[in-house]
Structure formats: C-alpha cells, structure tokens
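Scope of the values below: all heavy atoms of this structure, side chains included, with no hydrogens, waters or symmetry mates.
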Amino acid sequence: REKERLTMLVSFTVLGGVLLLATFMARKISRGVLNLSQASKVIAAGNLNQQVQGSSIRELDITAKAFNQMGEKLRRSYAQLENYNAELELKVKERTQTLEKEIKDRQRSEETFKTLVSNVPGTVYRCRYDGRWTIEYVSDSIKTTYGYPASDSNKAQIRGFADIMIEADQPEMIARV
C-alpha cells in the first residue's frame, strides 16, 4: 500500500511539474505571438519603426527577424515612394509653369494677330487647299465682302469658300489658284 501511495505521489508530482512546465511554455509562446500581433497593429497604424524582440524559442526568433526585415523593407519602400512623390510634384509644377507661359505667349500672339488683322483693309483668311477650300480662319470684314458673318464659317452653313462661290466660277477660280 505504501508503494502505491508513493507511486501516486510521484505521479501527481510529475503530472504537476508537467502541467507547470506546459503552462510556462504556453505563456512564453503566446507572449511571443502576442508581441508579433501588437507590432503588426503598430505598423498598420503607420509606425514603420516598430521592432519585435527576438525570442529564445527558435521559431519565434526566426519569425521576429523576418518581421523586422519586413519592417525595414517597408521603411525603405515608403521613403522611396516619398521621393518619387516629391519628384513628381516638382515635375508637375515645372510643367504647369511651362504651360502657363505657353498660354500667355499664345494669348499675346493672338492679340498681336487680331490687332494686325483689324488694321488690314479687306478680308484676311486662311483656308485649306482641298476641294472645298475649307475655311480655317476668316476676319470679321468678310461680312462686308460676302455678306456672311465670320461666325458662320464655324457653323454648318459655310465650311469652305466653295460653299459661297458661284458654281460657274469655281473651275476658273481653281485654275487660277
């Protein structure tokens, strides 16, 4: 009977020790996993400098090192992205300035052209050398010459000088041009 008690006592002691050791290891493993989880949340919130401490458990240590390498790659990628963004903003700013200058230059050129056209007697025009002599530009004085306002050349009524020319005169006009 005494041997049975001793065997039971030893068995319960060993069982208690195993349970205590299992609880200790479970806490140690879960603490490492919890640290990884918390670090993931911190990185997800934008703190890319978060590091995970190594562990005496080999698998958790490997995971922590991989996590830290991932964080370093994220920091580098984010810095590179910020550099690309700054370069792009600079290029957009430069291009915008160039376009603004081109617009001002074109406006000045247009004003100069309009002033010149308004001082030329007669009608100033530009047309394509196609079958209809399609009008690309015509001055406002065309109204006094042909009876049509310049705005009609932009509409469907008159697209070319062939539309306002007498058909019988067209062959002679084409031959002269």
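For E82, the CD atom sits in a packed shell: over 12 heavy atoms of surrounding residues, nucleotides or ligands are nearer than 6.0 Å.
A pairwise comparison of heavy atoms in Q50 and R75 identifies O-NH1, 4.4 Å as the closest pair. Between V117 and S139, the shortest heavy-atom contact is CG1-CB, 3.4 Å. Heavy-atom minimum distance, A64 versus G54: CB-CA, 4.3 Å.
In this structure, NZ on K101 lies 8.5 Å from OG1 on T98, to the nearest 0.5 angstrom. Note that the CD atom of E4 and the CG atom of L6 stand 11.0 Å from one another [nearest 0.5 Å]. To the nearest 0.5 Å, atoms CG (N68) and NZ (K65) are separated by 10.0 Å. From I43, atom CD1 reaches atom NZ of K41 across 13.5 Å, with rounding to the nearest 0.5 Å. Atom-to-atom distance recorded for T115:OG1 and E110:CD is 10.5 Å, nearest 0.5 angstrom. One finds the CG atom of L88 at 10.5 Å from the CG atom of L81 (value rounded to the nearest 0.5 Å).
Cluster membership for V52 and I62, using ILVMFWY side-chain heavy atoms within less than 4.5 angstrom, is not shared. Both L48 and L36 are members of a single hydrophobic cluster when ILVMFWY side chains are connected at heavy-atom separations under 4.5 Å.
For the pair V138 and I135, the minimum side-chain heavy-atom distance is below 4.5 Å. Under the 4.5 Å side-chain criterion, counting only non-hydrogen atoms from C-beta, N35 is not in contact with Q53. The side-chain heavy atoms of E102 and L99, taken from C-beta on, include a pair separated by under 4.5 Å. Side-chain contact between T134 and C127 is absent, with no heavy-atom pair separated by less than 4.5 Å.
Between E89 and K93 there is no salt bridge, since no side-chain nitrogen of the basic residue lies less than 4.0 Å from a carboxylate oxygen of the acidic one. The residues R76 and E72 are annotated as salt-bridged, a charged nitrogen and a carboxylate oxygen being separated by less than 4.0 angstrom.
A ring pair (Phe, Tyr, Trp, His ring centres under 6.0 Å) check over residues 61-119, counting only residues at least two apart or in different chains, returns the pairs F113-Y137.
Considering only residues two or more places apart in sequence or on other chains, R108 meets the side chain to side chain donor-acceptor pair (under 3.5 Å) condition with D105.
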Counting only pairs under 3.5 Å, give me each side-chain donor-acceptor contact of residues 10-27, with atom names and distances, residues two or more places apart or in other chains.
unit_1	atom_1	unit_2	atom_2	d
S11	OG	T7	O	2.7
T13	OG1	L9	O	2.6
T23	OG1	L19	O	2.8

